[in-house]
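The chains referred to below are lettered A, B, ... by the order of the sequence lines, with proteins before strands, and numbering in each begins at 1. All figures in this text were calculated on a predicted structure; none of them were measured in a lab. For the numbers below, each heavy atom of this structure counts, side chains included, while hydrogens, waters and symmetry mates do not.
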Amino acid sequence: MTTALPTALFIPGEPLDLTSSLTSGQCFRWRVDDAGRWTGALGGDVVRLSPASGGAIAVESAPSPPDETAKALAGYFRIGDDLAAVQRRICWDERVSEGVAAYPGMRVLRQEPWETLAAFILSSTSNMPRISRTVELLAETFGERVTLNGAARRTFPSPERLAEAGESRLRELGCGFRAPYLAEAAAAVASGALPLDALRGAPYADALAALTSLRGVGDKIADCVMLFALDKTEAFPIDRWALKVLREWYGLPVNAKYAEAREWAWSRFGADAGYANQCLFWLVRQSTRPLRSIATIEPPQAERRAWP
DNA sequence: TAATAACCTCGCAA
DNA sequence: ATTGCGAGGTTAT
């Protein structure tokens, strides 16, 4: 027997572009079909998002009812942030302005802390396709199966589950040298030694210290987790792309340390540094497929600002 | 303190 | 075909 498929309408009331928000390297499990419908696994649910007219989004989900999921989506996409206001505050920067113009509806996400930590531990010296593949394989192997109108997905496995799996099993699944890091992080979260969820309410410095106490988690990965899951919009993750941007567009000295670059970002963008970072990162990542061509992008001399 | 391998694995050049 | 190299880092020496 078939039942009518319940659908709810999610009306963000804010700029929201699913494509840039869901493909800009913050998350790894959303898939889009030819019709532009996005399918993901959110918490314990399979979720399907279908862009409708007027910026509305049709939501299907299971097992949670779609109207409940629609509310959760407001949190996931940080609809509480006034994106236009954020953009006005950081658009005086020419490069950030380019990013805003190119991706006007790109949101910074508020994802689940554990899944985000696990995914970014796996991101070390890797690339987006491989991260996605490994995350998906972990879900496929250890996650709970959930179905939506015949389509099946799996939830991201709990820390308990991955801790139980252990390093060797995680290696078998392609985690490589990150396997012990992931296993240890899972154990720390499962045991309560690392109160991940509580870090949402903690100051940046405290969250940073807690996260980097884990093996395999340094400044960059900690910043990703803080920005994409722990409500630290001031976090400014500096990967090799961001580093290249800082050096080539902003004149960051080659010998500058991570902490110095972070301080600079704060002096420039303050609490909006994370949004500025996302604009810059995705701009450079999209505009220069091969790493080598980035050197050809030089700002006009007049746009350069002296390094403080 | 600062530089430099080493670490898993995979996909894609050469 | 086979090999070498780098990919959204971090740790150990």
Side-chain angles (χ1 to χ4, degrees), chain A residues 20-30 99 103 106 108-109 111 115-138 141 162 165-186 188 194 208-229 232 235-249 252-262 265 273-295:
Chain A
S20 58
S21 299
L22 298 178
T23 64
S24 54
Q26 308 180 57
C27 54
F28 303 95
R29 296 200 64 199
W30 288 95
Y103 312 105
M106 182 167 64
V108 166
L109 303 178
Q111 302 177 75
E115 176 173 342
T116 307
L117 173 60
F120 280 94
I121 285 175
L122 293 173
S123 78
S124 181
T125 322
S126 188
N127 51 68
M128 273 172 43
R130 185 184 169 190
I131 300 163
S132 291
R133 195 176 52 80
T134 308
V135 167
E136 206 57 40
L137 184 56
L138 292 179
T141 307
L162 291 190
E167 172 186 340
S168 59
R169 186 81 183 93
L170 295 177
R171 271 186 194 271
E172 289 173 2
L173 294 169
C175 295
F177 64 80
R178 309 156 196 85
Y181 301 152
L182 182 56
E184 288 169 19
L194 178 68
L208 176 65
L211 289 169
T212 54
S213 72
L214 296 169
R215 287 208 312 149
V217 180
D219 285 325
K220 188 272 174 181
I221 290 176
D223 273 331
C224 287
V225 177
M226 288 193 285
L227 179 58
F228 302 140
K232 305 296 181 284
F236 192 89
I238 304 168
D239 63 358
R240 69 178 62 213
W241 294 91
L243 186 59
K244 214 159 175 50
V245 163
L246 293 183
R247 286 174 178 169
E248 298 183 8
W249 292 355
L252 176 77
V254 288
N255 61 356
K257 289 175 292 191
Y258 191 102
E260 293 168 343
R262 171 166 51 199
Y275 276 95
N277 182 289
Q278 190 60 23
C279 288
L280 294 170
F281 170 76
W282 198 230
L283 190 64
V284 68
R285 199 68 182 81
Q286 285 296 88
S287 60
T288 68
R289 267 338 240 179
L291 182 64
R292 50 190 174 278
S293 67
I294 188 174

Inset, instruction - Verify the contact: side-chain N or O of A:Arg171 to OP1 or OP2 of B:dC8, cut-off strictly under 4.0 Å; return yes or no. - result: yes

Inset, instruction - When you get a sec, tell me which of C:dA7, B:dA2, C:dT10 is the closest nucleotide to the side chain of A:Thr125? - result: C:dA7

Inset, instruction - Have a look at A:Tyr258 and say if it touches a base, only the backbone sugar-phosphate, or nothing, with a 4.0 Å heavy-atom cut-off. - result: nothing

Legend entry - Residue A:Arg130, side-chain atoms from C-beta onward, closest of B:dC10, B:dC8, C:dT10: B:dC8

Legend entry - Interatomic distance, A:Lys257 NZ vs B:dA3 C1' [rounded to whole Å]: 13 Å

Legend entry - Involving DNA chain B, stems made of at least three consecutive Watson-Crick or G-U pairs, both distances under 3.5 Å: B:3-7 with C:9-13, B:9-14 with C:2-7

Inset, instruction - Indicate yes or no: at least one non-hydrogen side-chain atom of A:Asn277 is less than 4.5 angstrom from one of A:Asp223. - result: no

Inset, instruction - Just call it for A:Asp219: base, sugar-phosphate, or nothing, with non-hydrogen atoms closer than 4.0 Å on any strand. - result: sugar-phosphate

Inset, instruction - Using the P atoms only, state how far C:dA12 lies from B:dC8, rounded to an integer number of Å. - result: 13 Å

Legend entry - P spacing across the pair B:dT1 / C:dG9, given as an integer number of angstrom: 25 Å

Inset, instruction - Between B:dT4 and C:dG6, how far apart are the P atoms? Round to whole Å, please. - result: 16 Å

Inset, instruction - Give a yes/no answer on whether the side chain of A:Arg240 brings an N or O atom under 4.0 Å of OP1 or OP2 in C:dA7. - result: yes

Detail all sub-3.5 Å separations between protein N/O atoms and N/O atoms belonging to nucleotides 11-13 of chain C.
residue	atom	partner	partner atom	Å
C:dT11	OP1	A:Gly216	N	3.3

Inset, instruction - Identify whether any heavy atom of A:Thr134 sits under 4.0 Å from a base atom; if not, whether one sits that close to sugar-phosphate; answer base, sugar-phosphate or nothing. - result: nothing

